[in-house]
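Notes for the one structure printed next.
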There are 2 protein chains.
Amino acid sequence: MLKVTTAKADGRVVRGDQTRRAILERAAAIASVEGLEGLSIGRLAGELDSSKSGVFAHFGSKEELQLATVRWAREVFVAEVITPALRAPAGLRRLWRLCEAWLEYASRPVFPGGCFFASVAVEFDARPGRVSDAIAEAHRAWQRYLEEAVVRARELGELTADADPRQLAFELDAFTRATQDALLFEERSVYTRARRAMLHRLRALATDPGLLPKSPR
Amino acid sequence: MLKVTTAKADGRVVRGDQTRRAILERAAAIASVEGLEGLSIGRLAGELDSSKSGVFAHFGSKEELQLATVRWAREVFVAEVITPALRAPAGLRRLWRLCEAWLEYASRPVFPGGCFFASVAVEFDARPGRVSDAIAEAHRAWQRYLEEAVVRARELGELTADADPRQLAFELDAFTRATQDALLFEERSVYTRARRAMLHRLRALATDPGLLPKSPR
DNA sequence: CCTACCGATCGGTAGG
DNA sequence: CCTACCGATCGGTAGG
């Protein structure tokens, strides 16, 4: 107990947290390219100029490292996509900003392998276990968030009453994920294509298309 | 040379081909779940009650095994999706059969991990090399095939002139791939959702909606 | 096709 | 946080 206090006092806990964050940042980047199974503790240590056991000690098992990486990526996703969209007024404009923020997040790219969740969701979709569950939960949360944004836009009368929130969220999500091809083909035009598809779909259901951008970029 | 002839005569080459096909069938099934990197020669041998070197000898390297598996999966895809659609008359009906055959292929499922190409395309999208190239080429061929089906339907006057083939192919392909969620969430309703999305999109562009199925199933 | 092996790397542990 | 190690498994080879 005294030791913990001492550790805090001399900054060791703070340094430990910074190291942990540095590990997770690198882990998420690697996993977006190589997958969460392809992510190895030895390689991670090598890239961070640390020892294997030094990395290992922060998590206790590979599965815990994977789970912590999923949680970290989720925080990045919220900061990059959800938070920026909250600056737009609720309703259709926020729904659109959500779509646009996703495109920016995927195309910048924030993770070198494109959207972290698009990559690992496919990797774990046919595997059982806690990591798969955590990925599925994060993915579902994003789809629910999109769906709720549709519901809100409809409540505000900015989408027609016959817009099916679950169906529309599915379609918008499908367009975002299809942009993963940009990496495989090294062709960025797919982001424009996704943007056009989303805009076209929303325009058809909008009561006031003026709330959406004018031209397909 | 004489030896080769003898081998043919006593059926060894035929048996070799059968073994090779059995290996590739299993390899494609494993890879759709674990990925083409997660596919190991040792595990493959174990599942086939063979020895590691017995499997290895058929391909010479892991990369050649991966390439042969991609070619095999491509043949399966053609037999399951392209060939059935050719029974429909050219134009909008064939385009629709193509979409429907894809849904059946993915949902049956032909591969335990869903669509083989949807799985490995994401796995290899940020990696260089021959395997990635082969996957990209197969994926592109499917998109081109969809696009050509759109062009043909438009030439026959069954789709309006303003239907953009590349854009429409992108959107239909996006809906097919979003069905991969069915495995992650263990929820088959996503196939119905994809079907509805495709049908809705095609109806809006069809000059005679009577060529498409009446009700969204 | 087999057994028997190679060096490298994996996740994880012991002891400090 | 480190070095040094464990058994298991990887892709690949030798020799038959």
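Convention: sequence-line order gives letters A, B, ...; per-chain numbering from 1.
The distance between atom CG of B:Leu39 and atom P of D:dT9, rounded to the nearest whole Å, is 16 Å. As rounded to whole Å, 14 Å separates atom C1' of C:dC1 from atom CG of B:Asp49. Following rounding to the nearest Å, A:Ile41 (CD1) and D:dT3 (P) show an atom-to-atom distance of 16 Å. Rounded to a whole Å, the NZ atom of A:Lys52 is 10 Å from the C1' atom of C:dT13. At whole-Å resolution of the value, CG in B:Leu48 and C1' in C:dC1 are 14 Å apart. B:Glu37 has its CD atom 15 Å from the P atom of C:dT9, to the nearest Å. Straight-line distance from the CG atom of B:Leu36 to the C1' atom of D:dG11: 15 Å, rounded to whole Å. Nucleotide D:dG16 holds its P atom 19 Å from the CZ atom of B:Phe56, rounded to whole Å.
Side-chain nitrogen and oxygen atoms of B:Ser53 include none within less than 4.0 Å of the OP1 or OP2 phosphate oxygen of C:dC2. At the phosphate of D:dC10, OP1 or OP2 sits under 4.0 Å from a side-chain N or O atom of B:Ser40.
For the contact set between residues 61-70 of chain A and DNA chain C, defined by any heavy atom under 4.0 Å, the members are A:Ser61, A:Lys62.
Among the nucleotides D:dC2, C:dT3, C:dG12, the one closest to the side chain of B:Ser51 is C:dT3.
Using a 4.0 Å heavy-atom distance criterion, A:Leu44 is classed as making no nucleic acid contact.
Residues B:Phe116 and B:Arg74 form no side-chain contact, since every pair of their non-hydrogen atoms from C-beta on lies 4.5 Å or further apart. Between A:Leu205 and A:Arg154 there is no side-chain heavy-atom pair separated by less than 4.5 Å.
You'll find the ring centres of B:Phe175 and A:Phe175 inside the 6.0 Å limit. Centroid-to-centroid, the aromatic rings of A:Tyr105 and A:Phe77 come within less than 6.0 Å.
A side-chain donor-acceptor contact under 3.5 Å links A:Glu123 to the backbone of A:Glu37. At distances below 3.5 Å, at least one donor-acceptor pair connects side-chain atoms of A:Arg188 with backbone N or O atoms of A:Ser107.
The number of heavy-atom neighbours closer than 6.0 Å to CZ of B:Arg21, taken from other residues, nucleotides and ligands shown, is 12 or below. With a 6.0 Å radius and a threshold of 12 heavy atoms from other residues, nucleotides or ligands, B:Arg97 has its CZ atom above the threshold.
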Toss me the dot-bracket line for DNA chain D: Watson-Crick and G-U wobble, both under 3.5 Å, 5' to 3', using | for pairs to another strand and [ ] for crossers. ||||||||||||||||
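Just one of B:Leu146, B:Leu159, B:Val151 meets the side-chain contact (heavy atoms from CB on, under 4.5 Å) condition when paired with B:Leu168; it is B:Leu159.
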